[in-house]
There are 2 protein chains.
Amino acid sequence: MTAASIRARVRAEMTEGIKAAARRQLAADGADLSLRAIARELGMVSSAIYRYFASRDELLTALIVDAYNALGTAAERAEAEVARDDLLGRWLATCHAVRDWALANPHEYALIYGSPVPGYRAPEDTIPPASRVPVLISGILRDGYAAGRLPAESGEPLPESLRPELTTVAEQIGAEVPPALMARGMTAWLQLFGAVSFELFGQLNNVIEDRAAFFAYQMRAVARVVGLPD
Amino acid sequence: MTAASIRARVRAEMTEGIKAAARRQLAADGADLSLRAIARELGMVSSAIYRYFASRDELLTALIVDAYNALGTAAERAEAEVARDDLLGRWLATCHAVRDWALANPHEYALIYGSPVPGYRAPEDTIPPASRVPVLISGILRDGYAAGRLPAESGEPLPESLRPELTTVAEQIGAEVPPALMARGMTAWLQLFGAVSFELFGQLNNVIEDRAAFFAYQMRAVARVVGLPD
DNA sequence: CGCATTTTGAGAGCACTGCTCTTGACGTGT
DNA sequence: ACACGTCAAGAGCAGTGCTCTCAAAATGCG
């Protein structure tokens, strides 16, 4: 019993050590992490890593899941600190938490929101961690709608063809949000990650210098589109 | 004279051939293009490529510039076909041209709007090609504002601190657009590329199936925020 | 305890990569 | 006719992901 659990614990620690080294190398050198370099840093031989991860892709998947979870945790923490009835505050807290985490961990952000790595295909188990931020946003919408402070329909009318689909999305995410409101929520979602990605991937270079102010403005603007009350 | 120009022409053709092979391989296999594979496809040896491109990065830069230009051309063509006073039509034509080009050339799109490649740093000469779509959007705003059909201020008020910066952006791009309108134009710009990137990078998998309808809705919605008249 | 089984790390090796350098051939200008 | 500049080829270096084999260590069981 103890013996088995000891071995299991050592194995878990080793796995975590490999991921930590990979993250370090990711933060330092950039995106294309090398198994051999990780092994070197850990003082072992490259083939030994294959005892813990079947392939480079599997390591990458583990890092991706971790990154989604780290981002999700950061966002949830920040959002939870705001008074429940301050809908705009909850949205802005989420936005800034996402941006702050992305700026602090640019390469991990690129891993999850950048272009997919060549041969790589995301497995199913990345879906729940990936949907933590969307779930958070949906929660704000749900609370606002339940309190009668967010209109179901507003702005651009949602085409009929999209209604069933967005109803399904709301159901999957477990939030009772009408489809047209859900669609505006996705507008906000796109705007949030579009803004962060553009800033991080250099598209704002030589264009906008005061990124923080620009980001805050954009997130307030989209909050207005969603209908979040001040 | 003729001799020199002949040699120059042959050289230009060879350069173009290498880029074409690189694009082919990019479209087929994915992002991490290999110089040796390109050379193999062209029936030459890898070292010969270095007569035309000093490094892999230089080839990459050439491909990036080409991609920006191809996207810019596609967008400009589509936008030019719409009547000048149909501002919404011009915006939507631009959006759909960008999306269509991205869907037809996903790997080239990833090259320019995805996460930047590890060691790579974009040189100055990518800036003009990269700003062709923004220039196009600004042109729509300029025409609308000049005709009195687009309000300078609308929606979320632009903070004073951002005004000088956005005035500079409008100046650089050579379009007489007031800063607050320019800021809304950037909202649209973010939304456009955010939507295309999310679709292409798989963030909409298992979420939205009717991507075309969703995209059209989002672009109409942001057009409303900008203030484009129907 | 002692033996069998499983787990682990090391090392060699394969096919591949970007890149450099040297060598030899070819076309051109004086 | 000779010299020069351009070009492609080949060998080679250091690096990569990954597979395989082998020995050592840790573990489970009678």
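First the proteins, then the strands, lettered A, B, ... as listed; each starts at 1. All figures in this text were calculated on a predicted structure; none of them were measured in a lab.
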Enquirer: In this structure, how many angstroms lie between the P atom of D/dT19 and the CZ atom of A/Arg56, rounded?
Expert: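 Spelled out: CZ on A/Arg56 to P on D/dT19 is 14 Å.
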Enquirer: Mind checking salt bridge (charged side-chain N to carboxylate O under 4.0 Å, His left out) for A/Arg36 and listing every partner two or more places apart, or none if nothing turns up?
Expert: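 Scan of A/Arg36 (salt bridge (charged side-chain N to carboxylate O under 4.0 Å, His left out), adjacent residues dropped) gives none.
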Enquirer: Given atom CD of B/Glu58 and atom C1' of C/dC19, what is their separation to the nearest angstrom?
Expert: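 In whole Å, C/dC19 C1' and B/Glu58 CD are 14 Å from each other.
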Enquirer: Please classify the nucleic acid contact of B/Ser46 as base, sugar-phosphate, or nothing, using heavy-atom distances under 4.0 Å.
Expert: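 Base contact.
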Enquirer: Below 4.0 angstrom, N of the basic side chain to O of the carboxylate: do B/Glu13 and B/Arg9 qualify?
Expert: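 Salt bridge present between B/Glu13 and B/Arg9.
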Enquirer: Using whole Å, what does the distance between atom P of nucleotide D/dC7 and atom CD of B/Glu13 come to?
Expert: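 Between P of D/dC7 and CD of B/Glu13: 13 Å.
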Enquirer: Any pair with a residue in residues 208-222 of chain A that passes salt bridge (charged side-chain N to carboxylate O under 4.0 Å, His left out), sequence neighbours left out, goes on the list, sorted by first then second residue, please.
Expert: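 Non-adjacent pairs meeting salt bridge (charged side-chain N to carboxylate O under 4.0 Å, His left out): zero.
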Enquirer: Rounded to whole Å, please give me the gap between CZ in B/Phe53 and C1' in C/dG18.
Expert: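 Going from CZ in B/Phe53 over to C1' in C/dG18 covers 16 Å.
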Enquirer: What is the distance from CG of A/Asp32 to C1' of D/dG15, rounded to the nearest Å?
Expert: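 For the pair A/Asp32 CG and D/dG15 C1', the rounded distance is 12 Å.
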Enquirer: Do the side chain of A/Arg36 and the base of D/dG15 come within less than 3.5 angstrom through a donor-acceptor pair of N or O atoms?
Expert: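 Between D/dG15 and A/Arg36, which were checked side chain against base, a qualifying N/O pair under 3.5 Å is absent.
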Enquirer: B/Gln25 CD to C/dT17 C1': how many Å, rounded?
Expert: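 Computing the B/Gln25:CD to C/dT17:C1' distance gives 12 Å.
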Enquirer: Under 3.5 Å, sequence neighbours excluded: what are the donor-acceptor pairs made by side chains of residues 41-51 of chain A?
Expert:
| unit_1 | atom_1 | unit_2 | atom_2 | d |
| --- | --- | --- | --- | --- |
| A/Glu41 | OE2 | A/Arg24 | NE | 2.6 |
| A/Glu41 | OE2 | A/Arg24 | NH2 | 2.8 |

Enquirer: Nearest whole Å is fine: how far is D/dA8 P from B/Arg40 CZ?
Expert: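 It is 18 Å, rounded to the nearest whole Å.
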Enquirer: Throw together a table of side-chain donor-acceptor distances under 3.5 angstrom for residues 166-175 of chain A, partners on residues two or more places apart or in other chains.
Expert:
| unit_1 | atom_1 | unit_2 | atom_2 | d |
| --- | --- | --- | --- | --- |
| A/Thr167 | OG1 | A/Arg163 | O | 2.7 |
| A/Thr168 | OG1 | A/Pro164 | O | 2.9 |

Enquirer: As a test of reading the structure: which of C/dG18, D/dT16, D/dG17 is closest to the side chain of A/Ala37, going by heavy atoms?
Expert: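 Within the option list, the nearest is D/dT16.
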Enquirer: With no hydrogens and no angle check, is any side-chain donor or acceptor of A/Asn105 less than 3.5 Å from a backbone partner on A/Trp101?
Expert: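 Side chain of A/Asn105 to backbone of A/Trp101: a pair is present.
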Enquirer: Is B/Leu33 touching bases, backbone alone, or none of the nucleic acid, heavy atoms closer than 4.0 Å?
Expert: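 Since only primed, P, OP1 and OP2 atoms lie under 4.0 Å of B/Leu33, the category is sugar-phosphate.
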Enquirer: Is B/Leu59 touching bases, backbone alone, or none of the nucleic acid, heavy atoms closer than 4.0 Å?
Expert: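 Nothing, no nucleic acid heavy atom in range.
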Enquirer: Show me the side-chain donor-acceptor pairs of residues 188-203 of chain B shorter than 3.5 Å, one per line, residues at least two apart or across chains.
Expert:
| unit_1 | atom_1 | unit_2 | atom_2 | d |
| --- | --- | --- | --- | --- |
| B/Gln191 | NE2 | B/Gln218 | OE1 | 3.1 |
| B/Ser197 | OG | B/Tyr109 | OH | 2.8 |
| B/Ser197 | OG | B/Phe193 | O | 2.9 |
| B/Glu199 | OE1 | B/Arg99 | NE | 2.9 |
| B/Glu199 | OE2 | B/Arg99 | NH2 | 3.0 |
| B/Gln203 | NE2 | A/Tyr68 | OH | 2.9 |

Enquirer: With the criterion being N/O to N/O and under 3.5 Å, what pairs connect the protein with nucleotides 7-10 of chain C, and how long is each?
Expert:
| unit_1 | atom_1 | unit_2 | atom_2 | d |
| --- | --- | --- | --- | --- |
| C/dT8 | OP1 | A/Arg11 | NE | 3.1 |
| C/dT8 | OP2 | A/Arg11 | NE | 3.3 |
| C/dT8 | OP2 | A/Arg11 | NH2 | 3.4 |
| C/dG9 | OP1 | A/Tyr52 | OH | 3.1 |
| C/dG9 | OP2 | A/Tyr52 | OH | 3.0 |
| C/dG9 | N7 | A/Arg51 | NE | 3.3 |
| C/dG9 | O6 | A/Arg51 | NH2 | 2.6 |
| C/dA10 | OP2 | A/Val45 | N | 2.9 |
| C/dA10 | N7 | A/Ser47 | OG | 3.4 |

Enquirer: Could you state the atom-to-atom distance from CG of B/Leu35 to P of C/dG18 in whole Å?
Expert: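 My rounded result for the distance is 5 Å.
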